[in-house]
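Remember, it's 1-based here, ligands and their atoms both numbered in the order they're listed. The model shown is predicted, which means the values in this text are computed figures rather than measured ones.
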Amino acid sequence: MKILVTGGAGFIGRWVVKRLLEDNNRVWVMDDLSNGSEENLKEFRNDPNLDVTIGDVKDVGVLSKLFNNNFDICIHLAASIIVQESIDNPRKTFENDVIGTFNILEEAKKHNTKFVFMSTCMVYDKASMGGAISETHPTKAASPYAGAKLAGENMTQSYYYAYGLPTVILRPFNTYGPYQKSTGEGGVISIFIQKELKCDFLNIYGDGTQTRDLMYVEDCADFVVQAAYSDEVNGEILNAGLGEDIAINELAGIICQVKGKIRNVKHIHPQSEILRLLCDYSKTKKLLGWKPKTSLIEGINKTRNWMKKSVGK
Ligand SMILES: NC(=O)c1ccc[n+]([C@@H]2O[C@H](COP(=O)([O-])OP(=O)(O)OC[C@H]3O[C@@H](n4cnc5c(N)ncnc54)[C@H](O)[C@@H]3O)[C@@H](O)[C@H]2O)c1
């Protein structure tokens, strides 16, 4: 198939591209490199089935030309992803995540391209004690990032209902693994491993009792690609995660055995923190036969091995 991946030079994007190429698809990447890099795609640079366009999803001219390739599927991953940045500069997040999504939906409609919208678990309200979050769980726009993703979801649904466009909305839980940034507000696992490798302090925002359901990136890519291929899930919203949550305090203790190197610091945005995130992926399992294959410990080890190599340790 002919498949466009926006944000394909990013962390999850490069794993989605890898899987699509392994499945013998013809793949186009569009990325403005604002948070991704060509380095992430180095492994596939010489693959004749990969075509990379450096461009912005806000640029309707570039999109219109690109869509003349008549893609079968567009996997829309490009987004501003940093919660704190969305609080500091909501316009940027709105323009990239809402207007960018609208621009792509318009092109998908013109060419009847299946549209896969990458949302996030950050749109959910916290899980109740003892309960996991299914797709019918209440949403809460706790940050402009979550608000923009919910707007993108609503626009995606509206194209499914109003125009019969084949679409699917994906809500992956927090994803980690090789190629994730370990700077700023990157992934918590990458940041903690990086600090541990450098014998630096692991900073935990707030009291550290907030929990996360952490999914290894190849499981996430498998979820995205399976949902893209399947007609069964058109019009649906789907979760994916590990199905287990862990408190950030406990996670820090697994990654760093030196207790004195772990400290709790003042939260940067307590008002937008989601206290408990635990994924119920039973709908996705039923419709796609998907389930995660990588345990948290295996995933942490794979990530640590990759980071050791990439920082030359
Ligand atoms: N990492 C996670 O834990 C996680 C969890 C749930 C959902 N998601 C979603 O998955 C997607 C990918 O996330 P990621 O973690 O790989 O982040 P990422 O920042 O590594 O990937 C996003 C990519 O989009 C590109 N991009 C941003 N704005 C763009 C624009 N205007 N035009 C073109 N390209 C643009 C960036 O350069 C980057 O390469 C995002 O939509 C994110 O919201 C991520």
Residues 233-258, side-chain donor-acceptor partners within the protein, below 3.5 Å, at least two apart:
residue: Asn234; atom: OD1; partner: Lys114; partner atom: NZ; Å: 2.8
residue: Glu236; atom: OE1; partner: Lys283; partner atom: NZ; Å: 2.8
residue: Asn239; atom: OD1; partner: Tyr124; partner atom: OH; Å: 2.7
residue: Asn239; atom: ND2; partner: Ile133; partner atom: O; Å: 2.9
residue: Asn239; atom: ND2; partner: Asp280; partner atom: O; Å: 3.3
residue: Asp245; atom: OD2; partner: Thr211; partner atom: OG1; Å: 2.7
residue: Asp245; atom: OD2; partner: Arg276; partner atom: NE; Å: 3.4
residue: Asn249; atom: ND2; partner: Asp207; partner atom: O; Å: 2.8
residue: Asn249; atom: ND2; partner: Gly208; partner atom: O; Å: 3.4
residue: Gln257; atom: NE2; partner: Gly253; partner atom: O; Å: 3.3
residue: Gln257; atom: NE2; partner: Ile254; partner atom: O; Å: 3.1

I'd like the residue list for ligand 1, meaning every protein residue with a non-hydrogen atom under 4.0 Å from the ligand.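 Ligand 1 pocket, heavy atoms under 4.0 Å: Gly7, Ala9, Gly10, Phe11, Ile12, Asp31, Asp32, Leu33, Ser34, Asn35, Gly36, Gly55, Asp56, Val57, Lys58, Leu77, Ala78, Ala79, Ile81, Asn96, Met118, Ser119, Thr120, Tyr145, Lys149, Pro172, Phe173, Asn174, Thr175, Gln180.
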
Are Lys42 and Glu38 within salt-bridge range, i.e. N to O under 4.0 Å?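 Salt bridge absent between Lys42 and Glu38.
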
Any side-chain heavy-atom pair of Val27 and Asp51 under 4.5 Å: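 The answer is no, as the side chains (C-beta and beyond) never meet within the 4.5 Å cut-off.
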
Please check if the side chain of Asn96 supplies one atom and the backbone of Ala79 the other of a donor-acceptor pair under 3.5 Å.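 It does not hold such a pair.
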
With a distance cut-off below 6.0 Å to the six-membered ring centre and an angular limit of 45° from the axis, does Arg304 pair with Trp306 as a cation-pi contact?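 No cation-pi geometry.
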
Phe201 six-ring face occupied by Lys261 cation (under 6.0 Å, within 45°):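 Yes, a cation-pi geometry.
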
